[in-house]
Participant: 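One structure is given below, represented as structure tokens, and several questions about it will come after.
The first residue of the sequence shown is numbered 1, and numbering continues consecutively from there.
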Amino acid sequence: MTGFWGDGGAYGAWVAHLREWGAGGDPDPAALPVLRPEDWAEDTWRRLAVHLQEAVAARFGHWSTALSAAAADRAGARPGAFGRTLAHSRTGLRGLRRFTAHPGLPEHVREELGSLVDESITRTQQALEENLDGLAASGVPPGTVELMRRELRDNALTAVLAEERAPAPGRPRRGLLRRRPAEPAPPPDPWGAPPPDGPPRRRIIPG
């Protein structure tokens with residue numbers, strides 16, 4: 001059991017991986033050891049749960065920033081440009097969901113962590129829909145808003161929720177993650193910049 005504590009052993013390997021991955025790195029997840037519920041006491045699992053949540057929240061934040069930057073770069077571009085940006089951004093979400101299904105994590109941890117990520121994706125999609133309502137109220141031409149709304153719905157971020165993360169049959173046994181929920185990363189604001197030839201628009205910050 002000694003190797004599981006401090007900065008060594010399986011615990012140390014997972015914490016080091018999560019710190020690098022959460023900072024935007026690309027460590028090899030295949031090198032991570034398999035963790036079993038009986039390996040550690042519950043307080044050790046809770047500490048690892050905090051590291052898991054913080055890493056996922058940080059990674060989600062990197063994804064959100066990248067989506068906002070890509071959307072701003074395509075402001076005023078041809079119809080379909082923003083939809084392609086959204087579709088491309090789903091690659092990052094798939095990577096997040098795959099990580100939450102890592103086979104080295106016990107089943108109940110995979111299920112709970114995956115649920116937290118899926119809830120964040122759903123909230124982000126809802127926030128983007130609300131941004132469009134705000135743009136319409138601020139005087140952006142209705143045709144522009146409806147085009148953006150159509151592209152958002154045709155290329156919804158939530159489409160990834162229908163995709164399988166990884167085989168993980170059964171139901172979670174314990175609630176280690178939900179007792180210490182991570183703060184979700186703020187959803188992106190891809191429509192903060194005014195159109196090239198139009199009036200300035202009010203910046204809509206998702207709540």
Participant: What residues form a side chain to side chain contact (heavy atoms under 4.5 Å, CB included) with T122, not counting sequence neighbours?
Facilitator: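 Applying side chain to side chain contact (heavy atoms under 4.5 Å, CB included) to T122 gives Q126, T158, L161.
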Participant: So, does H62 use its side chain to make a donor-acceptor pair with the main chain of G22 at under 3.5 Å?
Facilitator: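 Confirmed, H62 side chain pairs with G22 backbone.
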Participant: Hey, quick one: are L147 and L128 part of the same hydrophobic cluster, counting side-chain heavy atoms closer than 4.5 Å, chains of contacts allowed?
Facilitator: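 No; L128 is not reachable from L147 via cluster members.
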Participant: Out of curiosity, F82 CZ to L152 CG, how far, rounded to the nearest 0.5 Å?
Facilitator: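 So the gap between those two atoms works out to 6.0 Å.
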Participant: Output the distance between atom CZ (R153) and atom CZ (R150), rounded to the nearest 0.5 Å.
Facilitator: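 Answer rounded to 0.5 Å: 11.0 Å.
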Participant: Checking N155 now: which residues fulfil side-chain hydrogen bond (donor to acceptor under 3.5 Å, both in side chains) with it, not counting sequence neighbours?
Facilitator: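 So N155 forms no side-chain hydrogen bond (donor to acceptor under 3.5 Å, both in side chains) with any residue.
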Participant: Examine distances only and state if a side-chain atom of Q125 and a backbone atom of L157 form a donor-acceptor pair shorter than 3.5 Å.
Facilitator: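 At least one qualifying donor-acceptor pair exists.
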Participant: Output the distance between atom CH2 (W40) and atom CZ (R47), rounded to the nearest 0.5 Å.
Facilitator: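 If we round to the nearest 0.5 Å, W40:CH2 and R47:CZ are 9.5 Å apart.
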Participant: Nearest 0.5 Å, please: how far is CG in L96 from CG in D118?
Facilitator: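 So the CG of D118 and the CG of L96 are separated by 10.0 Å.
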Participant: Quick check for you: to the nearest 0.5 Å, what is the distance between Y11 atom OH and L48 atom CG?
Facilitator: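 That separation rounds to 6.0 Å.
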Participant: Taking only Lys NZ, Arg NE, NH1 and NH2, and the carboxylate oxygens of Asp or Glu, determine whether R165 and E111 approach each other closer than 4.0 Å.
Facilitator: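 So R165 pairs with E111 through a salt bridge.
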Participant: Look up atom CG in L93 and atom CG in L86, then write down how far apart they are to the nearest 0.5 Å.
Facilitator: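 If I round to the nearest 0.5 Å, the distance is 10.0 Å.
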Participant: Do the side chains of E42 and R46 get close enough for a salt bridge, i.e. N-O under 4.0 angstrom?
Facilitator: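 R46 and E42: salt-bridged.
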Participant: Do the side chains of R19 and E54 get close enough for a salt bridge, i.e. N-O under 4.0 angstrom?
Facilitator: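 Here R19 does not pair with E54 in a salt bridge, since their nearest N and O are not under 4.0 Å apart.
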Participant: Given 3.5 Å as the limit, does a donor-acceptor pair link the side chain of H51 with the main chain of L18, or not?
Facilitator: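 Checked: no pair found.
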